[in-house]
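Since the structure is predicted, the reported quantities are computational estimates derived from the model, not experimental observations. Convention: sequence-line order gives letters A, B, ...; per-chain numbering from 1.
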Amino acid sequence: MIDIRLIRENPDLVRRELEKRGDTFALDEILELDVRYRGFLRHSEELRAQHNETSKQLGMKKEKPPGLIAEMRLVGEQISALQQQTREARAALDALLLELPNMPHSGVPVGRSESDNVVVRTWGTPKEFAFEPLPHWELGEKLGIIDFQQGVKLSGSRFYVLKGLGAQLQRALISFMVDVHVREHGYREVYVPAMVRRECMVSSGNLPKFGDNLYRDEQDDFWFIPTAEVPLTNLHREEILKLEDLPLNYVAYTPCFRREQLAAGSDTRGIKRGHQFEKVELYKVTDPQSSDSELENLVADAEAICRKVAIPYRVAQLCTGELGFAAHKTYDIEMWAPGCGEWLEVSSCSNCSDFQARRAGIRYRPGRGAGTQFVHTLNGSGLALPRVVIAVLENYQQADGTVLVPEVLKPYLQVQSGC
RNA sequence: GGAGGGGUGGCCGAGCGGCUUAUGGCGGCGGUCUUGAAAACCGCUCUCCGAUUCCAUCGGAGCGUGGGUUCGAAUCCCACCCCCUCCGCCA
């Protein structure tokens, strides 16, 4: 959420920043509602101040004059009516504020589409194969480790079943990645619910605007998380954190659920995009001064995984038009997949500045006696599982259709050579 | 799922229609005393919103959440959320 006071005091700045995303926003309506809201609020507070004073005096009197009580009742009714108007204006204002995306960081390149993203670095060189490398769906089927038909049988399109070493490879990657982040990067491992209350989705920015992308249990109003970012954002909801406890670094492994209402046929091959997938998520809560540098640390922590599994990757900075709703600045990490011949997004690391913190009410106190301030939150995959599985299969494949096990995964797998 | 009990400031815990700007204690901070520390004593300790002459002052709100009754609600009523105990069921 953007601070209403900033919009009030500097609407042109906010408008200019938001329009970098390539869209227009209802700022005039917001400003108008804000004036209305404060008018009602001020009026009802003035009346209430008088009313409080008279009531207090009335309470001290032995004789209660009936005329005065009748008069007070009328004032009370006026206050109720004003409060109702105040509430309505506030609710309308909040509804609009919740629809505004975050403002981009000043260093984000202005642009409209993927082609305006900026590749900031590349690591490794795509391997030259002496044969035509196969896409993972062919490799997986030949090896009997990915079964698409059974996925469809159980749940429909965009579901798959991993079998034997396919399932084990994914599980090995999960353990390996979490271990690296805990032991080498200082993250605290947490296990969180995959179904959350509606307000958690509002805090993270998924609701009210993106409900169409979420699965939901209507009976109990549980919402299925599209990423661990949602529960992690809410871990400290409505808390005032101590400066000395920042930054908080969390790593969580969770399943993720996305409705992905894509056109039939797009991205349907393979396990790149499904309704359910596994992800290891990194999350940081920092003070506002540190979030810029912590984003660099976060990206480096995610990149470390790519290097350890020795798969070429590149890091792209997203342009303003590609930023997610809550994001202030984002880097994507893309691994090279020689079989499908594309750079696969395996991580998206974002500094959300105070956008989610404001929605979730997560604050800290900068110093003794100082007022509270909103923290900054950052998140990034470290990494998204099915796509790393794809990259491993396609990069480590051999001429005979078998796949070698990356060195770092050997301690985590039952086999030492490959499959 | 059934029955009962409960949610009050950082924590514990009183209050059960106006005397509460929420008693008291613990913790925390500052001070007095002391060579220093402890003890004792004194004082201070929350958040949010709005207005203005904006390092401040004034007003409003907040006792799980949201409504309601009343001139006046932490206190009474309704709904919901959460926690605890027992029973049932279950991994």
Side-chain angles (χ1 to χ4, degrees), chain A residues 1-11 30-98 191-203 207-208 216-223 231 234-246 248 255 354 356-375:
Chain A
M1 196 144 68
I2 298 177
D3 188 356
I4 181 61
R5 278 173 290 203
L6 180 64
I7 299 175
R8 192 184 293 155
E9 283 157 25
N10 213 333
I30 286 173
L31 287 166
E32 205 175 294
L33 265 170
D34 180 49
V35 170
R36 265 172 70 80
Y37 161 68
R38 282 181 298 144
F40 288 137
L41 182 66
R42 192 176 170 180
H43 194 178
S44 74
E45 283 185 353
E46 280 168 1
L47 267 185
R48 183 173 279 268
Q50 295 170 23
H51 192 261
N52 283 349
E53 181 55 33
T54 314
S55 269
K56 203 171 170 182
Q57 287 171 7
L58 196 55
M60 291 185 292
K61 283 187 183 150
K62 280 197 208 95
E63 300 290 320
K64 318 284 190 203
L68 187 54
I69 286 183
E71 193 185 314
M72 294 297 285
R73 181 182 294 133
L74 279 175
V75 177
E77 280 164 12
Q78 279 179 52
I79 293 173
S80 295
L82 271 169
Q83 277 180 323
Q84 183 59 28
Q85 287 175 300
T86 309
R87 266 201 298 268
E88 283 167 9
R90 179 78 221 191
L93 179 60
D94 284 341
L96 289 180
L97 286 173
L98 286 172
Y191 169 81
V192 292
M195 294 151 74
V196 297
R197 298 168 182 285
R198 167 187 250 109
E199 55 258 44
C200 292
M201 290 291 184
V202 175
S203 297
L207 286 178
R216 174 189 173 198
D217 162 53
E218 295 215 355
Q219 207 162 359
D220 295 319
D221 200 29
F222 280 129
W223 296 72
N234 286 276
L235 236 34
H236 298 288
R237 179 150 47 97
E238 302 299 335
E239 286 183 16
I240 299 170
L241 302 169
K242 293 189 191 124
L243 178 60
E244 59 264 35
D245 292 336
L246 302 180
L248 294 166
D354 64 358
Q356 292 177 323
R358 223 172 255 290
R359 289 172 164 245
I362 312 167
R363 292 163 287 167
Y364 81 108
R365 202 179 295 284
R368 267 178 42 76
T372 61
Q373 270 188 42
F374 289 103
V375 297

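A:R5 comes within contact range of the sugar-phosphate backbone alone, with a heavy-atom separation under 4.0 Å but no base atom that close. Using a 4.0 Å heavy-atom cutoff across all strands shown, A:F40 reaches no nucleic acid atom at all. A:T54 comes within 4.0 angstrom of no nucleic acid atom, judged by non-hydrogen atoms across all strands. At a threshold of 4.0 angstrom between heavy atoms, the contacts of A:L68 with the nucleic acid are absent.
The gap from the P atom of B:G9 to that of B:G62 amounts to 15 Å, rounded to the nearest Å. Here the separation of B:C83 from B:C76, taken at their C1' atoms, is 24 Å to the nearest Å. The separation of B:G17 from B:U75, taken at their C1' atoms, amounts to 7 Å, rounded to a whole angstrom. Between B:C54 and B:C44, the distance separating the two C1' atoms is 24 Å to the nearest Å. Here, B:A38 and B:A51 have their P atoms 46 Å apart, quoted to the whole Å. Distance check on atom C1': B:C81 versus B:G28 gives 32 Å, rounded to whole Å. Comparing B:A61 with B:A22, their P atoms are spaced 12 Å from each other, to the whole Å.
Looking at A:R365 and A:R363, their side chains never come closer than 4.5 Å, going by heavy atoms from C-beta outward. For the pair A:R38/A:R8, a side-chain contact is recorded, criterion being any heavy-atom separation below 4.5 Å from C-beta on.
Remark: A:T86 pairs with A:Y37, A:F40, A:L41, A:S44 by the side chain to side chain contact (heavy atoms under 4.5 Å, CB included) rule, at least two apart or across chains. Every residue two or more places apart in sequence or in another chain that forms a side chain to side chain contact (heavy atoms under 4.5 Å, CB included) with A:E239 is listed here: A:H236, A:L241. In this view, A:A194 and A:I225, A:P255, A:F257 satisfy the side chain to side chain contact (heavy atoms under 4.5 Å, CB included) rule, not counting sequence neighbours. For A:E46, the side chain to side chain contact (heavy atoms under 4.5 Å, CB included) partners are A:R42, not counting sequence neighbours. Annotation: side-chain hydrogen bond (donor to acceptor under 3.5 Å, both in side chains) contacts of A:Q78 (sequence neighbours excluded): none. By the side-chain hydrogen bond (donor to acceptor under 3.5 Å, both in side chains) test, A:E53 pairs with A:Q57, sequence neighbours left out. Residues forming a side-chain hydrogen bond (donor to acceptor under 3.5 Å, both in side chains) with A:R358 (at least two apart in sequence, or on another chain): A:D354.
Separating the CG atom in A:D34 from the CG atom in A:L97 is a distance of 8.0 Å, to the nearest 0.5 Å.
Applying the 90° cutoff around 0 to the glycosidic angle, B:C54 is assigned syn.
For residues 191-201 of chain A, the side chain to side chain donor-acceptor pair (under 3.5 Å) pairs, not counting sequence neighbours, are A:R198-A:D221. Screening residues 76-97 of chain A for salt bridge (charged side-chain N to carboxylate O under 4.0 Å, His left out), with sequence neighbours left out, gives A:R90-A:D94.
Listed by residue number, the members of residues 69-82 of chain A with any heavy atom below 4.0 angstrom from RNA chain B are A:I69, A:M72, A:R73.
When base pairs are accepted only as Watson-Crick or G-U wobble with both N-N or N-O distances under 3.5 Å, RNA chain B takes part in stems of 3 or more pairs at B:1-7 with B:81-87, B:10-12 with B:24-26, B:27-32 with B:40-45, B:46-52 with B:56-62, B:64-68 with B:76-80.
Comparing A:Q373 and A:E46 by the nucleotide of RNA chain B that holds the closest heavy atom to each, the one mapping nearer the 5' end is A:Q373. Checking A:R363 against A:A49, the closest nucleotide of RNA chain B that is more toward the 5' end is the one next to A:R363.
You can see that RNA chain B meets the heavy atoms of chain A within a 4.0 Å-exclusive cut from B:G18 to B:C82, reading 5' to 3'.
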